[in-house]
Amino acid sequence: MKKIIIAIALAALSLAATAQTKSFNLARWMQTESALLQELNRSYVDSLPVERMQKAGIDAMLATLDPYTVWVPEEEGDDFEMLINKTYGGIGAIIYKPDTQGPVLINEPYAGSPAAKAGLRCGDEIYAIDGETTIGLNATEASSRMKGKPGSKVTFSVKRVYTGVMEDVVITRERIHLPDIEYAGLLDDGKTGYLLMSGFTTGVGKEVRKEFKALKDKGMEKFILDLRGNGGGILQEAVEIVSVFVPKGSLVVTSKGNGNVRDEVFKTTSDPVDGKLPVVVLVDSGSASASEIVAGALQDYDRATIMGTRTFGKGLVQSVRPMPFGGQLKVTTAKYYIPSGRCVQAIDYSHRNEDGSVGHIPDSLTHEFVTAHGRTVRDGGGITPDVLLEPREYSRLAYSLVMNGIVEQYAMEYVKAHETISAAKDFHFTDYEDFIRFAMGKKFDYRSSALATYDRMVEELKKDGLQESMAPELKAVKDKLEMDKEAFLRLKQSEIAPFIEQEIVTRYYFQEAGVEIMIRYDDALRKAIASPLIQY
């Protein structure tokens, strides 16, 4: 008994010593930092850039922790709200400002937005905002003037795209919320329900429940929840979505902190809408956080078949804490664990792909867990799908056209030349030669992946002093790889045309219609529809 008491006493002393050391180190650091700043302020030869030093110092300090713990100063609060809640005060339109000397162009109004209700269309030109010219403004400055407190009015001097008439348009700003559900409907077979989600902001769980019920009422026999590219959001909304499919009171996720933050258990609090209808969840390397909670919980309960590629691997919970002078700290406070006991957080940040998602983790570094029906699943980072669906690979040229805005710019020019088009379901882009003529006049990197790799190889050979000795061989390879810009554009028509089609349709019939075009060309979705589901 005495040995046990001594052991407990020693353990207590050890913990106390650790706590004292931690407190001492923190106090020493704070005193040192304060002394450094005071001495710099007193002695440095020039005036101190205090604000820049503060931001750089805090960012560098937090960068030693994890990628998700960040400080948000007061002046960035609106951008932070947009990032977290996808809301802002404004007119609800995407603008395009190609240069400071031209007007603001309306690129894409959102469905039901104040801009759409006021009749603003793609191609309309805004020359003044509340009497102040937009000439000389960059895109950020113009956007800032268009935003404002919901309920406030703003006057635009607009040149209409099809008539050329100049007129003043008065719009009342609203609280704009970008929807998390981008599409919900039955697919062409009339039996498969499909719901595409892009985030997990407040209220989306109830919206998913409502849409699922509506699809059931229309005769849905199979449901596909598309979480590809969904970076997550509010944990409680993930719990609400899982509740649509599993019994009330089911464990969804447990968050475990460091001792100062209490552990929390999240269970479903609503009865399911349907506990038997076949469900597929589509995921990829961009599915993270709350998306992984939904996919992982439904996999652990053997309630859904997960299809796609391995998810991102973010099992960390962030909380927002108020800071002095209006700032905010988004801090990682816990790790979350799904029903089987798995944590989807990647084992470490070194096993990451270029996009930040989980790289290969050998089984020897992972642990086995079991689902409700005894299937083996593993931790180590992300959710591994039950059915692997390889994503479509796009050429470097297609990425370059999209990322450099060439497709977007062409769509705007197309809209200016065509006041109307057929309904989204009937529209097909057939004038690809016109796009080639447009793209030929634009500057962008049209090298193939092979040629880009070749150019990097030549740079390395140059560093090694081998370029000249291999000049004939290198020229022969380059001659084989080089392709005329126009010929390459024509070769990749089947890849590029769907992007153009989607951009054009979106500008006439809004985002949901654009998703309908995306569905038309989605190979992975078609495979998910045709793939037999796992029987439990």
Side-chain angles (χ1 to χ4, degrees), residues 67 79 82-83 86 93-100 102 104-108 110 122-123 138-140 142-143 178 182 196 198-199 228-231 284-288 309 312 352-357 390-415 429 431-432 434-456 459 481-507 511 514-515 517-524:
D79 292 337
M82 177 62 185
L83 179 67
K86 296 167 70 174
I94 298 173
I95 64 169
Y96 180 62
K97 193 77 162 63
D99 58 71
T100 57
V104 172
L105 298 177
I106 295 294
N107 186 347
E108 180 191 334
Y110 298 131
C122 175
N138 59 35
T140 301
S143 176
L178 304 184
E182 296 191 8
L196 173 64
S198 60
R228 290 175 295 178
N230 188 322
D284 63 11
S285 63
S287 306
T309 56
F312 186 86
R352 290 284 186 181
N353 296 318
E354 287 186 9
D355 65 357
S357 61
E390 291 292 348
R392 179 174 179 177
E393 295 290 336
Y394 289 97
S395 66
R396 192 173 184 275
L397 175 65
Y399 280 114
S400 183
L401 288 167
V402 172
M403 298 305 294
N404 284 287
I406 309 301
V407 171
E408 179 184 42
Q409 293 165 32
Y410 177 78
M412 294 184 69
E413 292 300 315
Y414 186 94
V415 170
F429 177 65
D431 201 358
Y432 190 74
D434 184 58
F435 172 74
I436 290 177
R437 287 190 291 271
F438 178 85
M440 288 296 291
K442 301 294 180 179
K443 291 184 178 180
F444 60 94
D445 187 352
Y446 63 90
R447 294 176 299 164
S448 66
S449 296
L451 185 55
T453 301
Y454 167 88
D455 289 340
R456 289 195 298 271
E459 288 299 315
L481 292 176
E482 278 192 323
M483 181 177 286
D484 176 72
K485 182 179 180 180
E486 183 175 346
F488 201 15
L489 285 166
R490 192 166 282 111
L491 177 67
K492 295 299 180 180
Q493 178 176 347
S494 63
E495 282 187 27
I496 297 165
F499 288 111
I500 302 171
E501 199 169 297
Q502 182 181 2
E503 288 288 338
I504 290 172
V505 165
T506 298
R507 279 157 182 76
Q511 285 287 341
V515 175
I517 301 300
M518 183 185 72
I519 290 172
R520 183 184 293 173
Y521 298 102
D522 193 335
D523 294 335

message = List the residues meeting side chain to side chain contact (heavy atoms under 4.5 Å, CB included) with Leu481, not counting sequence neighbours, and say none if there are none.
response = Ala450, Leu451, Tyr454, Val477
ask   = Closest approach of Leu397 and Phe488, non-hydrogen atoms and distance?
value = CD2-O, 3.6 Å
query = For Arg456, what residues pass the side chain to side chain donor-acceptor pair (under 3.5 Å) criterion, not counting sequence neighbours?
reply = Thr453
request  = Measure the CG-OH distance between Asn107 and Tyr96 for me, rounded to the nearest 0.5 Å.
outcome  = 8.5 Å
Qualifying residues under side chain to side chain contact (heavy atoms under 4.5 Å, CB included), relative to Glu486, sequence neighbours excluded = Ile436, Met440, Asp484, Arg490
ask   = By salt bridge (Lys or Arg N to Asp or Glu O under 4.0 Å), which residues pair with Glu503, not counting sequence neighbours?
value = Arg507
note = The salt bridge (Lys or Arg N to Asp or Glu O under 4.0 Å) partners of Asp431 (sequence neighbours excluded) come to none
query = For the residue pair Ala288 and Phe312, what are the closest heavy atoms and their distance?
reply = CB-CB, 3.6 Å
Shortest non-hydrogen contact between Lys97 and Gly102, atoms and distance = NZ-O, 2.7 Å
query = Taking the six-membered ring where the residue is Trp, are the ring centres of Tyr394 and Phe499 under 6.0 Å apart?
reply = yes
inquiry  = Which residues pass the side chain to side chain donor-acceptor pair (under 3.5 Å) test with Asp522, not counting sequence neighbours?
reply    = Arg228
inquiry  = Testing the basics here: between Ala139 and Ile95, what is the closest heavy-atom pair and its distance to 0.1 Å?
reply    = O-CD1, 3.9 Å
ask   = Quick one: are Pro98 and Gln409 in side-chain contact, heavy atoms under 4.5 Å?
value = no
message = I'd like to check the ring-ring contact (aromatic ring centres under 6.0 Å, His included) partners of Phe438; sequence neighbours left out, ordered by chain and number.
response = Tyr410
Sequence neighbours left out, cut at 3.5 Å: what donor-acceptor pairs do the side chains of residues 491-498 make with other protein atoms?
{"from": "Glu495", "atom 1": "OE1", "to": "Ser395", "atom 2": "N", "distance (Å)": "2.9"}
{"from": "Glu495", "atom 1": "OE1", "to": "Ser395", "atom 2": "OG", "distance (Å)": "2.9"}

key: Which residues share a side chain to side chain contact (heavy atoms under 4.5 Å, CB included) with Asn230, sequence neighbours left out   = Met197, Phe200, Leu227, Ser291
inquiry  = Please find the pair of heavy atoms, one from Cys122 and one from Val415, that lie closest to each other, and give the distance.
reply    = O-CG1, 3.7 Å
Interatomic spacing from CD1 in Ile500 to CZ in Phe429 - rounded to 0.5 Å = 4.5 Å
query = Between OG of Ser449 and OH of Tyr399, what distance do you get to the nearest 0.5 Å?
reply = 9.5 Å
remark   = Sorted by chain and residue number, the side chain to side chain contact (heavy atoms under 4.5 Å, CB included) partners of Gln502 (sequence neighbours excluded) come out as Thr506, Ile517, Met518
ask   = Under the salt bridge (Lys or Arg N to Asp or Glu O under 4.0 Å) test, which residues partner Arg447, sequence neighbours left out?
value = Asp445, Asp455
Contacts of Glu501 that satisfy salt bridge (Lys or Arg N to Asp or Glu O under 4.0 Å) - sequence neighbours left out = Arg520
message = Nearest 0.5 Å, please: how far is CG in Leu489 from OH in Tyr446?
response = 9.5 Å
ask   = If you take all heavy atoms of Gly229 and Ser287, which pair is closest and at what distance?
value = N-OG, 3.9 Å
key: Whether Asn138 side chain and Thr140 backbone form a donor-acceptor pair below 3.5 Å   = yes
